[in-house]
Undergrad: 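Quick one: this structure, given as structure tokens, is what I'll be asking you about.
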Amino acid sequence: MGLLTLGTPLTWSETIPYIDYIKEHGIDQFINLYCRYKNREDAQLKWGDEIEYSIVKFDHANKKVRVSLHSDEILTQLDKQISENKKNHKENLSLWAPEFGGYMIEGTPGAPYGSSLECIDVVEKNMIARRNEVRKVLSNDEALLSITFPSIGAPDFTSPPVKIKAGQASESIFFSDDAVNYHNKRYITLMSNVLQRRGERLYSNVPIFKDKNTLSPFKEHFSDEESNKNSIPDHIYVDHMGFGVGMCCLQVTFQTVNVNEARWLYDQLTPITPIMLALSASTPIFRSYLADVDSRWDVIADLCDDRTPDEKGEAPLKDNHVIINKRRYDSTDCYIHPSSAEFNDIPLELDKKSYEKLIKNGIDEHLARHIAHIFIRDPLQVYRERLEQDVTTSMEHFETIQSSNWCNMRFKPPPIESPEIGWRVEFRATEIQLTDFENAAYCCFLVLLSRVLVSYNLSFLIPISQVTENIKRAQKRDAVHNQKFYFRNKLTKCLSSDENVQQVKNGNCHGYEIDEMSINEIINGDGKEFVGLVPLIRQFLDGANIDVESLFKINRYLDLIQDRASGKIFTLAHWMRDFVRSHPEYQYDSHVGDTIVYDMIKTMNEITQGKKHDESLLGKAPPVVKPKEVENAAKKEQRPKLLCYEDALNGQKFANLEAEFH
Ligand code: ADP
Ligand code: MG
Ligand code: MG
């Protein structure tokens with residue numbers, strides 16, 4: 001999370017005198033970059049995933065498992081391997097980066113995947129190869145898991161144990177700052193600056209899952225007054241960024257052909273984010289207590305919330321502050337393509353100076369509003385040696401604001417230091433999945449959906465306020481079955497801005513209405529007019545030219561998505577809750593004790609490694625990927641066949657679909 005830069009990070013009080021300067025130069029940097037790249041065209045889609053992993057350590061004798069504060073040494077070894085490969089002109093299958101927890105690492109493919117449909121066959125193999133690289137440097141009692149660790153913040157949750165020190169930056173009573181990626185001061189500074197800016201401790205209250213023996217009201221008593229004051233009954237109290245950011249997630253970035261397509265795709269994928277959040281739910285346990293939510297979204301958002309009480313509307317406004325409705329980590333507030341403007345129904349706070357400058361320099365109103373909106377936030381990661389930046393060759397001041405606006409989607413301009421990379425959008429709402437098979441399936445579903453959207457020029461836009469509401473619903477326990485989501489009930493073509501205005505005015509929405517639909521209806525179709533996202537993807541594939549092997553793989557991924565949506569198989573959150581509740585040691589009091597966590601993580605590790613198959617989570621056993629195939633994982637990426645518009649547009653199915661539109 002945040003900007004990866006070396007230097008001496010400034011504390012919050014040291015940052016304050018530079019806030020205006022950084023914002024002003026950040027905007028100048030964006031304007032320069034935009035002018036330079038606004039006409040940039042890239043020939044084809046490139047895309048890639050980011051997977052965060054937790055390293056865990058088993059104590060088999062005592063039936064305990066802890067997170068292993070070991071990521072720095074592991075990264076050093078992985079980096080050594082990468083340099084050696086480079087020296088020997090060997091391809092690197094993976095790239096590695098530090099993450100917030102001292103027990104976390106983030107892996108991405110060595111090079112982005114290409115645009116051929118066959119590339120989809122590479123994704124899972126690459127993920128397996130990635131995991132294997134890390135496994136080689138782990139000790140025998142350690143494992144690499146793509147999970148949200150259930151005992152973060154529980155007593156003694158790390159190996160080696162680390163103490164909570166008086167006066168530590170976070171002021172947490174559960175999470176030692178020494179469990180944060182220790183050698184990377186930027187994380188501590190970031191957290192400390194969030195805390196200093198907001199002027200009070202970070203905390204969140206997660207609704208507890210009320211089981212038959214759970215105390216009612218459930219109320220913990222802490223040794224310090226402030227925690228007792230901040231915690232509320234029937235909730236699990238958490239008080240450190242690590243309870244959110246220290247839990248893993250899955251992100252996907254798409255490079256588009258130009259800035260226009262990036263803005264359009266950003267908008268079209270925005271209403272999909274809550275659907276994916278519900279479908280991927282994998283966080284039902286916080287601080288070793290079962291929660292009544294299945295995802296980490298609101299918790300992480302609370303724990304990154306740097307707003308002052310007056311900005312939140314809890315105190316009279318002062319210091320030229322304005323009310324800011326959402327947290328810095330939250331769902332996006334506005335669409336950015338001109339044709340989407342009619343669906344922007346949330347009042348948008350703007351940094352006025354930035355907005356005026358953007359408009360004056362020829363940035364259109366819609367993009368200017370987005371950028372000026374992210375610039376209402378102050379910089380949190382500023383480095384003393386890097387205050388002076390050449391606005392024509394650096395994007396650092398822009399990036400410090402941009403990369404700490406943690407929304408469900410991110411619009412990413414081409415990085416100035418890597419001329420080979422184009423305009424991109426990042427899908428950031430998916431929760432992490434246990435196996436490479438599932439992570440590959442979720443990524444492939446998204447990339448295929450993005451191709452369907454672009455190829456058929458479909459629109460799933462709904463008012464942005466409804467996306468905000470959908471994100472809230474998506475986190476609830478078993479949202480995938482129990483919640484309904486605002487969604488268009490019919491496939492519709494994307495209209496121009498004027499057409500949208502006319503339709504909304506006339507109350508005639510081109511044959512569609514926005515219904516409240518279940519995830520099953522959205523993914524599998526409602527049996528009436530809405531065909532469903534996966535059947536739509538299958539139609540698209542019918543019209544495309546694809547080899548049998550790849551199609552087989554894709555179908556298995558789509559089956560997984562469909563089965564999760566229909567309830568045939570469980571989300572990981574549901575599976576974990578069930579595991580706990582059927583464990584002989586569980587007392588039905590919401591508490592998930594050490595042995596239960598140990599047995600669960602051990603089973604999860606066996607499933608990850610393919611040593612165990614659980615049909616309730618994965619459905620039919622996924623095809624086994626052979627070691628030889630993993631070795632060749634990178635090769636197919638270079639294959640030239642395009643997964644592009646022409647394939648689909650020439651396909652017969654498109655004509656059929658077309659006929660269904662008005
Ligand atoms: P961040 O942490 O800023 O979101 P990362 O560098 O960790 O970004 O990950 C970027 C992701 O974007 C990777 O999965 C990468 O494969 C993918 N990607 C998509 N398009 C490109 C491109 N043109 N060049 C490089 N990476 C790309
Ligand atoms: Mg990253
Ligand atoms: Mg990312």
Side-chain angles (χ1 to χ4, degrees), residues 1-5 37 40-53 71 75 78 82 91-101 104-116 119-120 122-124 126-127 129-130 146 181 184 186-187 190 245 248-259 261-262 265-266 269 273 300 304 329 332 374 381 395-396 398-432 436 439-440 442-444 446-447 450-451 633-634 637-638 643:
M1 68 162 338
L3 193 62
L4 285 166
T5 308
Y37 288 127
R40 179 189 171 117
E41 296 281 331
D42 285 280
Q44 48 160 299
L45 166 81
K46 282 184 183 169
W47 67 286
D49 64 273
E50 290 164 73
I51 296 186
E52 292 172 1
Y53 303 88
S71 61
L75 279 172
L78 292 168
I82 287 177
E91 197 167 12
N92 273 311
L93 290 181
S94 330
L95 296 173
W96 297 99
E99 251 308 324
F100 184 89
M104 292 169 82
I105 51 174
E106 180 189 277
T108 52
Y113 310 121
S115 56
S116 77
C119 268
I120 286 187
V122 175
V123 180
E124 186 180 346
N126 187 283
M127 290 175 180
R130 223 181 288 172
S146 47
N181 191 317
N184 216 316
R186 71 190 181 101
Y187 293 114
L190 173 68
V245 190
C248 303
C249 76
L250 171 67
Q251 298 171 342
V252 182
T253 296
F254 306 100
Q255 176 181 285
T256 56
V257 294
N258 55 33
V259 63
E261 189 184 88
L265 193 60
Y266 174 98
L269 288 176
T273 52
I300 196 169
C304 293
Y329 197 117
T332 172
I374 65 173
Q381 283 176 290
M395 284 296 281
E396 189 162 324
F398 172 76
E399 277 300 328
T400 192
I401 305 267
Q402 150 99 336
S403 68
S404 58
N405 267 267
W406 301 286
C407 292
N408 43 347
M409 291 295 300
R410 186 175 286 159
F411 169 68
K412 292 175 166 176
I416 210 149
E417 69 286 359
S418 309
E420 72 286 2
I421 302 180
W423 292 94
R424 292 149 303 148
V425 292
E426 185 182 20
F427 192 100
R428 300 167 45 83
T430 316
E431 297 230 317
I432 197 72
D436 296 318
N439 283 314
Y442 278 71
C443 291
C444 292
L446 273 180
V447 74
S450 79
R451 294 310 88 194
E637 287 168 38
Q638 313 309 334
L643 165 55

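Order of appearance sets the numbers: ligands from 1, and atoms from 1 within every ligand.
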Undergrad: Counting distance only, does the side-chain N/O of Asn181 pair as donor-acceptor with the main-chain N or O of Glu99 below 3.5 Å?
TA: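 Yes; judged by distance alone, with no hydrogens or angles, the pair exists.
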
Undergrad: Are the side chains of Phe427 and Met409 in contact, using a 4.5 Å heavy-atom criterion?
TA: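 A side-chain contact exists here, since the closest heavy-atom pair is under 4.5 Å.
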
Undergrad: For the CD atom of Glu106 and the CG atom of Leu250, what is their distance to the nearest 0.5 Å?
TA: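 Reported value, rounded in 0.5 Å steps: 10.5 Å.
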
Undergrad: Give yes if a backbone or side-chain nitrogen or oxygen of Gln251 is under 3.5 Å from a nitrogen or oxygen of ligand 1, and no if not.
TA: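 So ligand 1 has no N or O lying under 3.5 Å from an N or O of Gln251.
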
Undergrad: Does any N/O atom on Glu50 come nearer than 3.5 Å to any N/O atom on ligand 1?
TA: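 Checking ligand 1 against Glu50, an N or O pair does fall under 3.5 Å apart.
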
Undergrad: For the Mg ion (ligand 2), what is the closest N, O or S atom on Glu106?
TA: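 Per the distance ranking, Glu106 contributes OE2 as its closest N/O/S atom to the Mg ion (ligand 2).
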
Undergrad: Donor-acceptor pair, Gln255 side chain versus Gly422 backbone, under 3.5 Å?
TA: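 Present.
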
Undergrad: Would you check if the side chain of Thr332 reaches a backbone N or O of Asn408 as a donor-acceptor pair within less than 3.5 Å?
TA: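 No, Thr332 side chain to Asn408 backbone: no donor-acceptor pair under 3.5 Å.
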
Undergrad: Just to be sure I'm reading this right: ignoring hydrogens, which of Pro112, Pro415, Gly110 gets closest to atom 21 (C) of ligand 1? Compare them by their nearest heavy atoms.
TA: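 Minimum heavy-atom distance to atom 21 (C) of ligand 1 goes to Pro112.
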
Undergrad: Sequence neighbours left out, what passes salt bridge (charged side-chain N to carboxylate O under 4.0 Å, His left out) with Glu426? Give chain and number order.
TA: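 In terms of salt bridge (charged side-chain N to carboxylate O under 4.0 Å, His left out), with neighbours along the sequence ignored, Glu426 is linked to Arg410, Lys412, Arg428.
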
Undergrad: What residues form a salt bridge (charged side-chain N to carboxylate O under 4.0 Å, His left out) with Arg130, not counting sequence neighbours?
TA: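 With sequence neighbours excluded, Arg130 shows a salt bridge (charged side-chain N to carboxylate O under 4.0 Å, His left out) to Asp49, given in chain and number order.
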
Undergrad: Within the 4.0 Å heavy-atom shell around Trp47, which atoms of ligand 1 are there?
TA: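 Ligand 1 atoms under the 4.0 Å threshold to Trp47: 19 (C).
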
Undergrad: Give yes if a backbone or side-chain nitrogen or oxygen of Arg424 is under 3.5 Å from a nitrogen or oxygen of ligand 1, and no if not.
TA: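 Such a contact does not occur with ligand 1.
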
Undergrad: So, is Thr108 polar-close to ligand 1, with some N/O to N/O distance under 3.5 Å?
TA: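 It does not: no N or O of Thr108 is found under 3.5 Å from an N or O of ligand 1.
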
Undergrad: Would the distance check show the side chain of Arg424 and the main-chain N or O of Pro413 forming a donor-acceptor pair, the cut-off being under 3.5 Å?
TA: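 At least one qualifying donor-acceptor pair exists.
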
Undergrad: Restricting to under 2.8 Å, identify the protein N, O or S atoms around the Mg ion (ligand 3) as residue plus atom.
TA: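 Per the 2.8 Å query on the Mg ion (ligand 3), atoms found are Glu50 OE1, Glu50 OE2, Gln251 OE1, Glu426 OE2.
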
Undergrad: May I ask you to list the atoms of ligand 1 that are less than 4.0 angstrom from any heavy atom of Gln255?
TA: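 In order of numbering, the contacting atoms are 20 (N), 22 (C), 23 (N).
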
Undergrad: I'd like to check the ring pair (Phe, Tyr, Trp, His ring centres under 6.0 Å) partners of Tyr266; sequence neighbours left out, ordered by chain and number.
TA: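 Per chain and number, Tyr266 pairs via ring pair (Phe, Tyr, Trp, His ring centres under 6.0 Å) with His370.
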
Undergrad: Kindly identify the option in Asp42, Asp49, Thr253 whose heavy atom sits closest to atom 14 (O) of ligand 1.
TA: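 Looking at heavy atoms only, Asp49 sits closest to atom 14 (O) of ligand 1.
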
Undergrad: Using side-chain heavy atoms (C-beta onward) and a distance below 4.5 Å, is Glu52 in contact with Ile432?
TA: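 They are not in contact (no side-chain heavy atoms under 4.5 Å apart), so the answer is no.
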
Undergrad: Taking the side chain as every heavy atom from C-beta outward, state whether Val447 and Ile120 have any atom pair closer than 4.5 Å.
TA: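 In contact.
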
Undergrad: Within the structure, does Glu420 bring an N/O atom to less than 3.5 angstrom of an N/O atom in ligand 1?
TA: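 No, Glu420 has no N/O under 3.5 Å of an N/O on ligand 1.
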
Undergrad: Show me which atoms of ligand 1 lie under 4.0 Å from any heavy atom of Glu106.
TA: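 Taking each heavy atom of Glu106 in turn, ligand 1 has 7 (O) under 4.0 Å.
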
Undergrad: May I ask you to decide if Tyr37's main-chain N or O and Trp423's side chain share a donor-acceptor pair within less than 3.5 Å?
TA: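 Confirmed, Trp423 side chain pairs with Tyr37 backbone.
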
Undergrad: Counting only N and O atoms by type, is there a donor-acceptor contact under 3.5 Å from the side chain of Thr400 to the main-chain atoms of Glu396?
TA: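 Not at all, since once roles are kept as given, no pair shorter than 3.5 Å links the two residues.
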
Undergrad: Quick one: which ligand 1 atoms are inside 4.0 Å of a heavy atom on Glu426?
TA: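 Here the atoms of ligand 1 in question are 4 (O).
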
Undergrad: Report the part of Lys412 in contact with ligand 1, treating N, CA, C, O as backbone and CB onward as side chain, heavy atoms under 4.0 Å; options are side chain, backbone, both, neither.
TA: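 The answer is the side chain of Lys412.
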
Undergrad: Run the numbers for me: atoms of ligand 1, each under 4.0 Å from some heavy atom of Lys46, listed by number.
TA: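 Numbered from 1, ligand 1 contributes 19 (C), 20 (N), 23 (N).
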
